[in-house]
Peer 1: 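Got a structure for you, questions after.
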Amino acid sequence: MKIGKSTVPHTAICTSDEHTIVVRGHNLCEDLIGHLSFADYFFLLLTGKQPDAACSAVLNATLVAIAEHGLVPSVQASRMTYAAAPDALQGAVAAGILGCGSVILGASETAGKLFADVAARVDAGASLDDAATAVITELKAARQPYPGYGHPLHKARDPRVDRLIAVATEAGADLRYVEIAQAIERAIPAVTGKDLRMNVSSAIPAVLMGVGFPVRSLRGVPILARTAGLIAHLAEEAETPAGFALSYQATRELQYDGDVPDGFGAHA
């Protein structure tokens with residue numbers, strides 16, 4: 001008698017024999033290579049379905065929107081790692097991706113779950129604005145951040161937001177979650193007293209959830225996109241090193257405020 005989950009591994013993603021590689025039921029060489037863009041192939045791998053035109057346009061747009069954003073912490077970590085170990089490109093890329101959490105890159109997933117919560121409340125009979133106000137009120141009471149809202153640089157609004165919404169609108173995507181995201185944006189000032197506008201981390205789930213992208217995989221979009229950006233930064237790092245310079249600048253700005261032994265610094 002067996003207890004617990006199956007010990008036999010299963011996959012519906014890929015199999016192969018001597019002559020054919022099968023991915024999600026398709027012949028890789030005959031049906032997919034040269035026929036699907038990488039973003040469309042990603043969606044197929046993830047869901048088992050080929051994206052429609054709206055999904056393809058939106059997914060491609062989100063990947064372009066988030067791939068590069070300057071010398072953010074993940075890029076700094078990646079470039080400094082590469083400077084220390086230029087023989088390990090994969091380690092440098094991994095160093096940048098490992099910082100994908102609730103604050104950096106992972107906020108898209110958290111925002112998507114928030115939107116799903118609002119949608120469930122609306123489906124249960126609440127008005128959109130009441131549901132949005134309720135979730136923000138609960139986040140405030142719990143002293144939790146408002147994922148996908150506010151930006152240290154783009155105070156008026158992250159310029160990527162309007163462009164992603166425009167792409168989704170032009171492609172004919174379902175805008176239900178865009179409307180939810182906008183309702184939350186309206187609710188935040190009244191509840192919190194802060195004028196926090198949508199940033200790209202709320203725009204991404206807002207448009208993707210409208211084309212059937214699974215919420216549980218939303219964090220994968222910025223991870224995938226930022227991987228491309230990191231590889232570009234590491235190619236530049238190989239030609240124009242900046243990693244050690246970033247390290248030196250951090251050290252120069254560092255202020256030690258701990259104890260020191262007697263006589264420390266006397267010979268400086």
Side-chain angles (χ1 to χ4, degrees), residues 1-67 89-91 93-94 96-102 105-120 123 147 164 167-168 171-178 180 201-231:
M1 176 178 176
K2 180 187 173 299
I3 298 175
K5 296 181 179 179
S6 172
T7 56
V8 178
H10 294 266
T11 182
I13 297 176
C14 180
T15 190
S16 61
D17 61 18
E18 181 182 358
H19 304 289
T20 306
I21 301 169
V22 178
V23 179
R24 289 293 192 184
H26 300 274
N27 185 311
L28 173 65
C29 296
E30 294 184 4
D31 302 331
L32 303 177
I33 296 176
H35 298 286
L36 289 187
S37 70
F38 179 72
D40 289 358
Y41 186 46
F42 168 50
F43 189 83
L44 173 66
L45 286 170
L46 185 64
T47 67
K49 304 173 184 178
Q50 292 199 42
D52 60 19
C55 181
S56 178
V58 168
L59 180 55
N60 273 282
T62 59
L63 289 167
V64 172
I66 199 65
L89 178 72
Q90 71 281 7
V93 172
I97 295 302
L98 285 172
C100 178
S102 59
L105 300 184
S108 290
E109 178 186 42
T110 312
K113 292 178 179 177
L114 188 68
F115 299 161
D117 184 2
V118 172
D123 290 344
L164 286 176
V167 169
D174 183 346
L175 300 180
R176 181 188 190 192
Y177 295 97
V178 171
I180 288 173
S201 291
S202 59
I204 286 174
V207 297
L208 283 177
M209 290 169 70
V211 294
F213 196 92
V215 175
R216 67 182 178 276
S217 299
L218 280 168
R219 189 176 300 196
V221 172
I223 288 175
L224 179 61
R226 195 56 61 86
T227 297
L230 289 174
I231 293 171

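All values below come from the heavy atoms of this structure, side chains included, with hydrogens, waters and symmetry mates left out.
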Peer 1: Does atom CD1 (I21) have a neighbourhood of more than 12 heavy atoms from anything else shown, all under 6.0 Å?
Peer 2: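 No, because the 6.0 Å sphere around CD1 of I21 holds 12 heavy atoms or fewer from other groups.
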Peer 1: Can you name the nearest heavy-atom pair linking P51 to S56, along with the distance?
Peer 2: CB-N, 4.0 Å
Peer 1: What distance do L28 atom CG and T20 atom OG1 have between them, rounded to the nearest 0.5 Å?
Peer 2: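 Here the interatomic distance stands at 10.0 Å.
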Peer 1: Do L63 and L59 have side-chain heavy atoms sitting under 4.5 Å apart?
Peer 2: yes
Peer 1: If the threshold is 4.0 Å, N to carboxylate O, is there a salt bridge linking R24 and D40?
Peer 2: no
Peer 1: Minimum heavy-atom separation for A168 to V207, with atom names?
Peer 2: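 Reported closest heavy-atom pair: CB-CG1, 3.7 Å.
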Peer 1: Which atom pair, heavy atoms only, marks the closest approach of P147 to A107?
Peer 2: CB-O, 4.1 Å
Peer 1: If you define the side chain from C-beta out and look only at heavy atoms, does anything of V118 sit under 4.5 Å from F115?
Peer 2: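 They are not in side-chain contact.
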Peer 1: Measure the spacing between CG of L32 and CD of Q50 and express it to the nearest 0.5 Å.
Peer 2: 6.5 Å
Peer 1: Counting N and O atoms only, with roles assigned by atom type, does the side chain of D31 sit under 3.5 Å from a partner on the main chain of N27, one being a donor and the other an acceptor?
Peer 2: yes
Peer 1: List the atom of V167, the atom of A57, and the distance in Å for their closest heavy-atom pair.
Peer 2: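 Shortest heavy-atom separation between V167 and A57 comes out as CG1-O, 3.8 Å.
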Peer 1: Measuring only between side-chain heavy atoms, which start at C-beta, is S37 closer than 4.5 Å to F42?
Peer 2: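 No, their side chains stay 4.5 Å or more apart.
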Peer 1: Say you draw a straight line from CD1 of I180 to CE of M209; how long is it, rounded to the nearest 0.5 Å?
Peer 2: 7.0 Å
Peer 1: In Å and rounded to the nearest 0.5 Å, what is the NE2 to SG distance from H35 to C29?
Peer 2: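 One gets 10.0 Å once the value is rounded to the nearest 0.5 Å.
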Peer 1: What is the minimum heavy-atom distance between Y177 and A119, and which atoms define it?
Peer 2: CE2-CB, 3.9 Å
Peer 1: Over all heavy atoms of both residues, which pair between S108 and P205 is shortest? Give the atoms and the distance, please.
Peer 2: O-CG, 3.5 Å
Peer 1: With side-chain contact (heavy atoms from CB on, under 4.5 Å) as the criterion, how do T227 and I231 come out once you've worked through the C-alpha distance, each side chain's angles and the decisive distance to 0.1 Å?
Peer 2: CA-CA 6 Å; T227 297; I231 293 171; 4.1 Å; yes
Peer 1: I'd like to know whether D174 forms a side-chain contact (heavy atoms from CB on, under 4.5 Å) with V211, so could you lay out the CA-CA distance, the side-chain angles of the two residues, the decisive distance to 0.1 Å, and finally the verdict.
Peer 2: CA-CA 6 Å; D174 183 346; V211 294; over 6 Å; no
Peer 1: Sequence neighbours left out, cut at 3.5 Å: what donor-acceptor pairs do the side chains of residues 214-224 make with other protein atoms?
Peer 2:
from, atom 1, to, atom 2, distance (Å)
R219, NE, E109, OE1, 3.0
R219, NH2, E109, OE1, 2.8

Peer 1: To the nearest 0.5 Å, what is the distance between SG on C55 and CG on L208?
Peer 2: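 Reported value, rounded in 0.5 Å steps: 7.5 Å.
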Peer 1: Checking R226 side chain against I66 main chain: does a donor-acceptor pair fall under 3.5 Å?
Peer 2: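 Yes; judged by distance alone, with no hydrogens or angles, the pair exists.
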Peer 1: Kindly indicate whether the side chain of V23, heavy atoms from C-beta on, has any atom under 4.5 Å from the side chain of L45.
Peer 2: yes
Peer 1: Report yes if some heavy atom in the side chain of F213 is under 4.5 Å from a heavy atom in the side chain of L46; otherwise report no.
Peer 2: yes
Peer 1: What distance separates F43 CZ from K49 NZ, expressed to the nearest 0.5 Å?
Peer 2: 7.0 Å
